[in-house]
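For reference, the structure discussed in these notes is given below.
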Amino acid sequence: MSCFEAYDPAFGRFVMGNAPLKQLATGFDWVEGPVWFGDAGCLLFSDIPDNKILRYTPGVGVSTFRAPSHYANGHSRDRQGRLVSCEHGLRRVTRTELDGRITVIADSYQGKPLNSPNDVVVKSDGSIWFTDPHYGIMSNYEGFAAKQELPCNVYRVDLDGSIEAVLTDFNCPNGLAFSPDEATLYVADTRRMFHSDPQHIRSFSMASGRPKGGAVFHTITPGCSDGIRCDTDGNLWSSAGDGVHCIAADGHLMGKILVPETVSNLCFGGRAKHQLFITATTSLYAITLNRVGAQTP
Ligand code: MG
């Protein structure tokens, strides 16, 4: 039986009491970066320390999609359905072409290597937005220990390949998502390793085409917003220390899905994008919701 906590009566309509939180697979090291491929009927996700991208196929189970994955973390799909991946190991963002070739989207900024790209989304205009905290180069656990040469920025890569640091005032930007109308960009700050900086989600107006503002939108407690995704009504679903939190577009906490392991990332998938796939520490979970995910395609 699933376990929910509702803080807003509307949350009761988002979840279903008879829809179980299912542990689909377990025994991993640290999983992140789920992305749904409806056309292939599967979910891809990363086991970062194990250096693999894994494939979960409902009714079949888990198999290896790519190994080594270069310590891949977050994934997304572009508007052509291609896989876009953040790789700690080679400190880059890549696109997997439809024929399987790997194209490097970004691996440096102003002549210096990126830190360890963490999470990525693709806007409807085809621009690729990613966060570049230092987590993957601070030890040899999720990549290779290395000297940090750039601040932990958020970058935008244009269709012509040009890269721009669009947000430069973060401690460690991590999960990110656009609202369904792309009027708002949400970016989580999950603090520098070994520091006690604040952890929260900030929101930015996209009216000018570049993020402006950046007020604190919501502070997750317990835990942090490693991964965030919107449903079609603009509610933000975030990872947290005790499960998944649902946050309304005005920033108030609507409710929680309690998960027995610390949640890292999540994504919507399934035949109607009505299932929430959850990567949580050593396991992959899923739960069916009365919601529809907004991410594309
Ligand atoms: Mg992350």
Side-chain angles (χ1 to χ4, degrees), residues 26-35 44-54 64-76 84-94 102 104-120 130-155 165 167-176 187-200 220 222-228 238-241 259 261-266 278-284:
T26 191
F28 308 113
D29 290 344
W30 176 262
V31 286
E32 294 216 32
V35 58
L44 299 184
F45 62 105
S46 299
D47 187 341
I48 306 174
D50 202 27
N51 204 10
K52 287 178 182 165
I53 300 173
L54 299 163
T64 298
F65 174 77
R66 181 181 298 165
S69 64
H70 306 301
Y71 299 92
N73 187 336
H75 304 280
S76 192
V84 180
S85 302
C86 295
E87 299 178 3
H88 288 182
L90 295 177
R91 303 170 71 169
R92 65 183 189 176
V93 177
T94 63
I102 304 289
V104 177
I105 302 294
D107 60 4
S108 64
Y109 178 66
Q110 295 182 337
K112 297 175 180 172
L114 298 173
N115 298 320
S116 50
N118 187 294
D119 210 346
V120 59
F130 68 94
T131 56
D132 187 39
H134 64 193
Y135 299 125
I137 56 172
M138 294 296 281
S139 76
N140 288 304
Y141 185 51
E142 295 192 353
F144 302 99
K147 177 171 173 280
Q148 180 178 349
E149 298 185 48
L150 288 170
C152 296
N153 294 328
V154 179
Y155 295 96
L167 295 172
T168 58
D169 63 342
F170 275 74
N171 289 311
C172 270
N174 199 326
L176 75 172
V187 184
D189 199 332
T190 51
R191 81 171 45 151
R192 290 170 292 168
M193 233 171 178
F194 315 120
H195 285 69
S196 55
D197 314 309
Q199 300 191 99
H200 46 231
I220 290 283
C224 63
S225 298
D226 195 339
I228 50 179
S238 172
S239 68
V259 177
E261 297 181 78
T262 297
V263 174
S264 59
N265 290 177
L266 49 85
I278 301 163
T279 50
T281 311
T282 65
S283 304
L284 174 69

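Positions are given from 1, in the same order as the sequence printed here. Just so you know, these numbers use all the heavy atoms, side chains as well, and skip hydrogens, waters and symmetry mates.
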By side-chain hydrogen bond (donor to acceptor under 3.5 Å, both in side chains), D169 pairs with (sequence neighbours left out) R202
Nearest heavy-atom contact between P117 and R91 is CD-C, 3.8 Å
Contacts of S238 meeting side-chain contact (heavy atoms from CB on, under 4.5 Å) (sequence neighbours excluded), chain-then-number -> I201, I220, S225, I228, I247
Hits for side-chain hydrogen bond (donor to acceptor under 3.5 Å, both in side chains) against S116, two or more places apart or cross-chain, chain-then-number order -> none
| message | For a 4.5 angstrom cut-off between non-hydrogen side-chain atoms, does Y135 reach C172? | response | yes
The single option from T190, I278, V263 that satisfies side-chain contact (heavy atoms from CB on, under 4.5 Å) with S239 is V263
Check the pair L54 / T64 against side-chain contact (heavy atoms from CB on, under 4.5 Å), numbers first and verdict last.
CA-CA 5 Å; L54 299 163; T64 298; 4.1 Å; yes
Applying side-chain contact (heavy atoms from CB on, under 4.5 Å) to T131 and not counting sequence neighbours gives N118, D119, P133, V154, P173, L176, V187
List the atom pairs, donor and acceptor, that lie under 3.5 Å between side-chain atoms in residues 142-149 and the rest of the protein, sequence neighbours left out.
unit_1: Q148; atom_1: OE1; unit_2: H134; atom_2: ND1; d: 3.2
unit_1: Q148; atom_1: NE2; unit_2: L150; atom_2: O; d: 2.8

Sequence neighbours excluded, the answer for side-chain contact (heavy atoms from CB on, under 4.5 Å) partners of S108 is none
Value for CG (N115) from OH (Y109), rounded to nearest 0.5 Å, stands at 13.0 Å
Output for pair (F28 CZ, D50 CG), nearest 0.5 Å, gives 9.0 Å
**Asked** Looking only at atom types and distance, does a side-chain atom of D189 sit under 3.5 Å from a main-chain N or O of H200, one as donor and one as acceptor?
**Response** no
Item to complete: Please examine the side chains of F170 and C152, heavy atoms only from C-beta on, and report whether any two atoms are closer than 4.5 Å.
Response: no
With sequence neighbours left out, the residues meeting salt bridge (charged side-chain N to carboxylate O under 4.0 Å, His left out) with D107 are none
key: Minimum side-chain heavy-atom gap Y155-L114 below 4.5 Å   = yes
Run the side-chain contact (heavy atoms from CB on, under 4.5 Å) test on Y141 and D29 for me, step by step, so that the C-alpha distance in whole Å, both residues' side-chain angles and the decisive distance to 0.1 Å come before the verdict. CA-CA 10 Å; Y141 185 51; D29 290 344; 4.1 Å; yes
Value for OG (S283) from CD (E261), rounded to nearest 0.5 Å, stands at 3.5 Å
Taken to the nearest 0.5 Å, the spacing of L284 CG from F45 CZ works out to 4.5 Å
Residues at least two apart in sequence or cross-chain that pass side-chain hydrogen bond (donor to acceptor under 3.5 Å, both in side chains) with D47, listed by chain then number, are none
The salt bridge (charged side-chain N to carboxylate O under 4.0 Å, His left out) partners of E87 (sequence neighbours excluded) come to R92
OG1 (T262) and CG (D226) are apart, to the nearest 0.5 Å, by 10.5 Å
side-chain hydrogen bond (donor to acceptor under 3.5 Å, both in side chains) filter on S264, not counting sequence neighbours, yields T279
Please tabulate, for side-chain N and O atoms in residues 65-73, each donor-acceptor pair with protein atoms closer than 3.5 Å (sequence neighbours left out).
unit_1: R66; atom_1: NH2; unit_2: T96; atom_2: OG1; d: 2.8
unit_1: S69; atom_1: OG; unit_2: N51; atom_2: O; d: 3.4
unit_1: S69; atom_1: OG; unit_2: N51; atom_2: OD1; d: 3.4
unit_1: S69; atom_1: OG; unit_2: K52; atom_2: N; d: 3.1
unit_1: S69; atom_1: OG; unit_2: Y71; atom_2: N; d: 3.3
unit_1: S69; atom_1: OG; unit_2: A72; atom_2: N; d: 3.3
unit_1: N73; atom_1: ND2; unit_2: H88; atom_2: NE2; d: 3.2

